[in-house]
Amino acid sequence: DLLTPHHWYNTSSEAPAGSVIKGESFNITCSTPRQYPGASFQLRLVRSNGTVRQSLPAVSQSVTFTFPNAQSSNEGYYYCLYRVQLGGRTFVSRESQPLPIAIKDPDPLLSPMVISWLVSGVTFVIAVIIIFIVAKVVCNKEKKPSELERETRTCVDNTYVALSVNKL
């Protein structure tokens, strides 16, 4: 009499309950309280277009099925069962309760790529503004005559004006 295995899944903390964000990894762990030699766990995925099965040897009381890149093909209901071969006979546990997993598209506002682009764009704009301000300050400094130059020009201009008037 084999006990029904338990199962659970792990994924990123940003994913809503019962779902995995597309492109992220997730794991489904199947476990049983008793271990038998030569046993294996089978993970069955039931989806709208068919069923997919995976098996891993039960080297301990639990095994983890890893999915490195969640896609829509990973969406559906997952079931675990435990199989044991003894004396040429195969014994199979009941399936676990269904574990529904939905694959969600990443939120575009929280996408790391979008955030990276925004930070790069803002940094570029700030750099251009700083360069523009520094260039304007440097240009204005070169164009502004010093106090001494302004006094000299005024003096020279007044002398010229005075000389011109005397000649008349």
Side-chain angles (χ1 to χ4, degrees), residues 1-140:
D1 187 28
L2 297 175
L3 298 172
T4 303
H6 298 282
H7 63 332
W8 62 89
Y9 80 104
N10 295 314
T11 188
S12 71
S13 59
E14 294 92 32
S19 65
V20 175
I21 296 174
K22 189 174 190 173
E24 292 192 359
S25 66
F26 71 102
N27 301 317
I28 297 178
T29 301
C30 299
S31 72
T32 187
R34 284 178 141 175
Q35 184 181 358
Y36 295 94
S40 65
F41 283 99
Q42 185 179 76
L43 182 67
R44 188 167 75 103
L45 167 59
V46 177
R47 48 189 189 186
S48 59
N49 62 350
T51 300
V52 178
R53 290 180 174 83
Q54 295 182 47
S55 290
L56 288 174
V59 292
S60 67
Q61 288 178 274
S62 67
V63 70
T64 300
F65 294 87
T66 302
F67 302 88
N69 183 13
Q71 297 299 315
S72 56
S73 60
N74 299 119
E75 189 169 79
Y77 294 89
Y78 288 86
Y79 300 85
C80 281
L81 55 87
Y82 190 69
R83 300 174 69 108
V84 179
Q85 290 192 331
L86 291 172
R89 293 180 61 190
T90 302
F91 299 92
V92 180
S93 72
R94 289 185 179 160
E95 284 187 326
S96 61
Q97 292 293 314
L99 175 64
I101 294 183
I103 306 300
K104 302 285 186 189
D105 286 326
D107 186 354
L109 295 177
L110 300 178
S111 167
M113 188 178 295
V114 171
I115 291 171
S116 170
W117 288 348
L118 286 173
V119 169
S120 296
V122 168
T123 304
F124 176 76
V125 168
I126 290 172
V128 168
I129 290 171
I130 289 171
I131 290 170
F132 180 76
I133 290 171
V134 167
K136 191 163 179 101
V137 166
V138 168
C139 285
N140 285 343

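Nothing fancy with the numbering, it's 1 onward along the sequence. Small disclaimer: the values here were computed from a predicted structure and weren't measured.
In this structure, Leu3 and Pro33 approach most closely via the heavy-atom pair CD1-CG, 3.2 Å. The two residues Ile21 and Ala70 have their closest heavy-atom pair at O-CB, 3.9 Å. Annotation for Gln42 and Arg83: closest pair NE2-NH1, 4.1 Å, computed over non-hydrogen atoms. Taking every heavy atom of both residues into account, Tyr78 and His7 meet most closely at O-NE2, 3.1 Å. Considering every non-hydrogen atom in both Leu99 and Trp8, the closest pair reads CD2-C, 4.2 Å. Taking both residues in full, the closest heavy atoms of Phe67 and Asn27 are given as N-OD1, 4.4 Å, listed atom of the first, atom of the second, then distance.
Distance check: Ile28 CD1 to Ile101 CD1 gives 4.0 Å after rounding to the nearest 0.5 Å. Once rounded to the nearest 0.5 Å, the distance linking OG1 of Thr32 with NE2 of His6 reads 7.5 Å. Here the OG atom belonging to Ser19 is positioned 8.0 Å from the CD1 atom belonging to Ile103, to the nearest 0.5 angstrom. Rounded to the nearest 0.5 Å, atoms OH (Tyr82) and OG1 (Thr4) are 13.0 Å apart. The line from CG of Leu45 to CZ of Phe65 is 11.5 Å long, rounded to the nearest 0.5 Å. Here the straight-line distance linking atom CG of Leu43 with atom CZ of Arg53 works out to 11.0 Å at 0.5 Å rounding.
Residue Gln35 places its CD atom among more than 12 non-hydrogen atoms of other residues, nucleotides or ligands, all under 6.0 Å distant. Residue Arg47 qualifies as enclosed at atom CZ: its count of foreign heavy atoms under 6.0 Å is above 12. Counting non-hydrogen atoms of other residues, nucleotides and ligands closer than 6.0 Å to OH of Tyr77 gives a total of 12 or fewer.
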Would Phe26 and Asn74 count as a side chain to side chain contact (heavy atoms under 4.5 Å, CB included) here? Give the steps.
CA-CA 10 Å; Phe26 71 102; Asn74 299 119; 3.9 Å; yes
Please evaluate residues Lys22 and Gln71 with respect to the criterion side chain to side chain contact (heavy atoms under 4.5 Å, CB included), reporting the C-alpha separation (whole Å), side-chain torsions for both, the decisive distance (0.1 Å), and the verdict. CA-CA 6 Å; Lys22 189 174 190 173; Gln71 297 299 315; 3.4 Å; yes
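For residues 3-75, the set of pairs meeting the disulfide bond (SG atoms under 2.5 Å apart) definition, not counting sequence neighbours, comprises Cys30-Cys80.
Glu95 pairs by the salt bridge (charged side-chain N to carboxylate O under 4.0 Å, His left out) definition with Arg44, not counting sequence neighbours.
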